[in-house]
Amino acid sequence: MLNLKEEIKHIVRNILLDKFGIEVNPTIEVSPKPEFGDFSSNLSSLLPGECKLSFDEFANTILSDLIERKEIFKKVLRKDSFINFFLNDVFLFRQLKDVIKEGKKYGSSKKGKGIKVLVEFVSANPTGPLNIVSARAAAVGDVLVKLLNFSGYKADAEYYINDAGRQIEMLGISAEKRFEELHGEEIEIPEDGYKGDYIKDCISKFVDDEKVNSMDEEARIDFFKEYVKDEIVRQQRSSLERFGVRFKKWISEKAILEKFSIQDVVDYLRSRGDVYEKDGAVWFSTAKYGDDKDRVLIKQDGTHTYVVSDASYHKDKFERGYKHLIDVWGPDHHGHVMRVKAAVVAFGNNPQNLEIIIVQQVVLVSRGKKEKMSKRAGRFITLDSLLDTVDRDAVRFFFLMRRINAHLDFDVELAKTLSLENPVYYTQYCHARTVNIFNFAQEKRINLTDEPNLSLLTEPQEREIAKFILLFPEVVKLASERRDVHRIPYYLLELSKIFHSYYQKVRIVTDDVPMTLARLFLVKAVQQVIKNGLTLIGVSAPEKM
RNA sequence: GCGCCUGUAGCUCAAUGGAUAGAGCGUCGGACUUCGAAUCCGCAGGUUGCGCGUUCGAAUCGCGCCAGGCGCGCCA
């Protein structure tokens, strides 16, 4: 039994099936208050429409059966339209042994049945350093992968490099301008060029390079766009690794375009009747798949649009055996959802297997004023500079605490205080504290045993902690199913809170050895769950702070 | 104008359609001769943007407003 709520649900469902021959999916929830027991269920949600019994008779029938389950329930009461379940203490504490036995697997499940999932995230254009918007996406994507794997899926992280198209061309031109500038010329970077200083730093080593200097301008642009792009990708990768985010694969748009010829893609779509020509361009009828208008595949000038690469890329993902795709995008791309789905359908895949998660934006706030970040203008906070001032664990925790679709105001001043006031330390301290307790116990020559007398744990807080520990699998389940990464940090903070409070009130290591052993066992379980939770969100669990 | 997201305590944010909407920070007041005070205990703080509806029950679902953000390119 690893998920209490699921277990109670199972019991209630079986009773309903036995007594009334009906299938229902009971809603079981954690009771909001102690007097309502540990869990509760609403009778109205159980009562089937066709049931002939009165509400009271129905309730009493269920209750009488539940009360029989004394090995699990201490009490089962009805209060208005709620059933309140009070768990048997012996049963409750005994579950802790399974927690310890499961160890770092506690909270995991096999729900995903090994289904292959691809999570693509960040995928920022290789035209500049990663900013804090990407940092948020990186934290979220990374944790989604971890959550899915913990839940029995086989999830991989992937980064798509947009290394084809006009933006790279502009990058080359911007670099060339900087090159001229380094030679003392007056320059002006084009309106849609990249103005950040990072480009200058990147190419400064070529100022006296004979080969580069002997090239004509066009050749130099070609050289720089490749060189700078590769250099930026390298920097992005190292920033992400510094942030603790690793990708299974960095896949290049150019490679995708080589694998699937543009002509083949267009021809295939044409054969389905999804392509037409208008105004000298080739169009894809995405509107008939739900897009608000059709999209251009091949422009008047004969070059392709990103719609072609996006279509090919998603086709490729499915062809590599992934059954479910998750794309993590910024809000500025939400308008692309339907066109990519259209492509997925056109290539014979189920659009439901493409899930697009929009991580809401990070708005820069400076002295109370909102400021739009712009990579072209060179106005943004980079991930690297953030990591220079704030501990990586604190950054991750900060971004993960928010609901994915909540907007986030990022105050420049906040970054400085983040390292001091971040709630992550509250949880990490809780972990360090448990470690310290074991160190102290060891000095007193008391070591954890497998079979402590857990019936000695009679403090209300001990019961509260045990129960909360047992909720962890359900929290993981919700976080992973609903892509609610923030549930993990919130859970950890709550567990830390009740543990800190308990620690303050109750002394763990005393001369009473049996009691000490029982309490150490509880502490061990707390430590394990905190560690598992922190690991899930990619935050360290320090033994000392 | 159309589409997506958001609106909850002074601030930053939680809340599986359920019971009296909760935390943290901040303010104020307390607690270390005992396992680490990066901790704990207490006080105060609300018409969940507004209205109507669905429901036994709405912060949550639907519709209409209001406010903010982001999109609406033969750029990505």
Side-chain angles (χ1 to χ4, degrees), chain A residues 5 27-33 35-36 40-42 44-45 55 79-82 84 123-125 127 162 164-170 192 253 278-283 292-293 295-307 309-310 330-338 358-361 363 370 372 398 401-409 411 414 417 420-426 428-430 432-441 443-444 474 478 481-482 484 486-487 489-490 493-494 496-497 499-510 516 519-520 523 544-545:
Chain A
K5 203 178 108 175
T27 58
I28 306 293
E29 56 203 85
V30 179
S31 300
K33 291 183 152 236
E35 61 260 40
F36 297 146
S40 36
S41 181
N42 195 296
S44 319
S45 71
F55 195 76
K79 189 168 167 56
D80 302 325
S81 63
F82 290 91
N84 294 327
S123 299
N125 288 327
T127 52
N162 294 109
R166 223 178 86 82
Q167 300 189 101
I168 296 297
E169 204 60 40
M170 289 315 301
D192 46 356
E253 179 181 4
K278 194 180 87 181
D279 304 332
V282 179
W283 296 71
D292 36 330
K293 53 187 162 191
R295 305 292 162 179
V296 169
L297 289 172
I298 308 292
K299 298 181 255 178
Q300 270 181 351
D301 67 5
T303 60
H304 67 279
T305 64
Y306 60 91
V307 178
S309 358
D310 282 353
D332 51 336
H333 285 71
H334 81 259
H336 296 211
V337 172
M338 290 320 288
I358 305 292
V359 176
Q360 280 300 326
Q361 64 187 118
V363 182
K370 294 192 178 181
K372 191 175 150 64
F398 178 77
M401 271 181 56
R402 261 110 188 144
R403 242 166 51 241
I404 283 173
N405 53 5
H407 297 224
L408 164 58
D409 287 355
D411 195 319
L414 183 66
T417 59
L420 300 170
E421 297 170 5
N422 199 289
V424 71
Y425 301 117
Y426 189 80
Q428 289 184 316
Y429 183 57
C430 180
R433 183 167 253 181
T434 61
V435 171
N436 200 56
I437 291 167
F438 280 101
N439 291 341
F440 183 82
E443 281 173 28
K444 301 275 175 196
E474 176 66 15
L478 283 175
E481 279 176 359
R482 301 177 186 213
D484 279 344
H486 70 280
R487 286 175 192 272
Y490 272 93
L493 288 173
E494 184 65 23
S496 306
K497 183 181 177 177
F499 182 75
H500 281 311
S501 174
Y502 170 67
Y503 175 88
Q504 203 76 21
K505 193 175 163 204
V506 175
R507 190 165 172 88
I508 315 270
V509 180
T510 61
T516 300
R519 286 180 174 161
L520 281 178
V523 172
K544 229 188 269 185
M545 293 175 72

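We name chains A, B, ... by the order of the sequence lines, and we start the count at 1 in each one. Every heavy atom of this structure was used, including side-chain atoms; hydrogens, water molecules and symmetry mates were not.
- Listed candidates were rC35(B), rC74(B), rG3(B). Nearest to the side chain of V296(A) is rC74(B).
- When each of N405(A) and K544(A) is assigned the nucleotide of RNA chain B with its nearest heavy atom, N405(A) is the one assigned upstream, toward the 5' end.
- Between Q360(A) and S501(A), the residue anchored closer to the 5' end of RNA chain B is Q360(A), taking for each the nucleotide with the nearest heavy atom.
- The residue D279(A) sits close to a base: some heavy atom pair falls under 4.0 Å.
- Rounded to whole angstrom, the span from the CD1 atom of I358(A) across to the P atom of rG3(B) amounts to 17 Å.
- Because its NZ or CZ atom is not both nearer than 6.0 Å to the ring centre of Y503(A) and within 45° of the ring axis, R507(A) does not count as a cation-pi partner of that residue.
- Atom CD of Q300(A) is separated from atom C1' of rC74(B) by 7 Å (rounded to the nearest Å).
- Summarising the geometry of L493(A) relative to Y426(A), their closest heavy-atom pair is O-CE2, 3.8 Å, with the distance given to 0.1 Å.
- Contact of H500(A) with rC40(B) (side chain to base): no donor-acceptor pair of N or O atoms is detected under 3.5 Å.
- Looking at S41(A), its side chain never comes within 3.5 Å of a backbone N or O of I28(A) through a donor-acceptor pair.
- For the pair H336(A) (side chain) and H333(A) (backbone), a donor-acceptor distance under 3.5 Å is absent.
- Here the straight-line distance linking atom CD1 of I508(A) with atom CZ of F440(A) works out to 11.5 Å at 0.5 Å rounding.
- Atom CG of D484(A) sits about 7.0 Å away from atom CD1 of I404(A), to the nearest 0.5 Å.
- For H336(A) and rG71(B), a side-chain-to-base donor-acceptor distance below 3.5 Å is absent, hydrogens and geometry of angles not being considered.
- Residue contacts for R433(A): at a heavy-atom cut-off of 4.0 Å it reaches the sugar-phosphate backbone alone, with no base atom in range.
- Between the C1' atoms of rU55(B) and rC61(B), the separation comes to 10 Å (whole Å).
- Between K299(A) and the phosphate of rC75(B), there is a side-chain N or O to OP1/OP2 separation shorter than 4.0 Å.
- The aromatic rings of H500(A) and Y429(A) lie parallel to each other, with less than 30° between the two planes, well short of the 60° mark.
- Nucleic acid contact for F438(A): none, since no nucleic acid atom lies under 4.0 Å from a heavy atom of the residue.
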Going 5' to 3' along nucleotides 14-22 of chain B, which nucleotides have protein heavy atoms under 4.0 Å from the base (write B), which only from the sugar-phosphate (write S), and which from neither (write -)?
SSB-BBB--
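- To the nearest whole angstrom, the two P atoms, one in rC63(B) and one in rG3(B), are 11 Å apart.
- A distance of about 14 Å separates the P atoms of rA21(B) and rU60(B), rounded to the whole Å.
- Summarising the geometry, the separation between NZ on K505(A) and P on rU34(B) is reported as 20 Å, rounded to the nearest angstrom.
- Here rU39(B) presents its C1' atom at 12 Å from CE of M545(A), a figure rounded to the nearest Å.
- With both ends at atom C1', the span from rC50(B) to rC40(B) equals 42 Å, rounded to whole Å.
- Looking only at distances, a side-chain donor or acceptor of W283(A) sits under 3.5 Å from a matching main-chain atom of K278(A).
- Comparing the C1' positions of rU8(B) and rC13(B) gives an interatomic distance of 9 Å, to the nearest angstrom.
- The side chain of Y425(A) contributes no N or O atom lying less than 4.0 Å from OP1 or OP2 of rA38(B).
- For R166(A) and rG73(B), the shortest distance from a side-chain N or O to OP1 or OP2 is not below 4.0 Å.
- The separation between Q504(A) atom CD and rG42(B) atom P is 12 Å, rounded to whole Å.
- Remark: K278(A) is not in phosphate contact with rC74(B), judged by side-chain N or O atoms under 4.0 Å from OP1 or OP2.
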Give the dot-bracket string for RNA chain B, reading 5' to 3', where a pair is Watson-Crick or G-U wobble with both distances under 3.5 Å, ( ) marks pairs inside the strand, [ ] marks pairs crossing earlier ones, | marks a partner on another strand, and . marks unpaired.
(((((((..((((....[...))))..((((.......))))......(((((..]....))))))))))))....
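- Within the 4.0 angstrom heavy-atom criterion, no nucleotide atom of any strand lies near V523(A).
- We find that CG of L408(A) is positioned 20 Å from P of rG68(B), with the value rounded to whole Å.
- Across the C1' atoms, rA19(B) and rG26(B) are found 31 Å apart, a figure rounded to whole Å.
- One finds the NZ atom of K79(A) at 8.0 Å from the CG atom of N84(A) (value rounded to the nearest 0.5 Å).
- Take R433(A) and apply the salt bridge (Lys or Arg N to Asp or Glu O under 4.0 Å) test, not counting sequence neighbours, and it matches no residue.
- The NZ atom of K444(A) sits 10.5 Å away from the OG1 atom of T510(A) when rounded to the nearest 0.5 Å.
- To the nearest 0.5 Å, atom CG of residue L478(A) and atom CZ of residue R487(A) are 5.0 Å apart.
- The gap from the C1' atom of rG10(B) to that of rG71(B) amounts to 33 Å, rounded to the nearest Å.
- Rounded to whole Å, the P atom of rU12(B) lies 28 Å from the corresponding atom of rC52(B).
- In this structure, CG of N125(A) is placed 14 Å from P of rC75(B), rounded to the nearest angstrom.
- If you measure from atom CG of N422(A) to atom C1' of rG24(B), you get 11 Å, rounded to the nearest angstrom.
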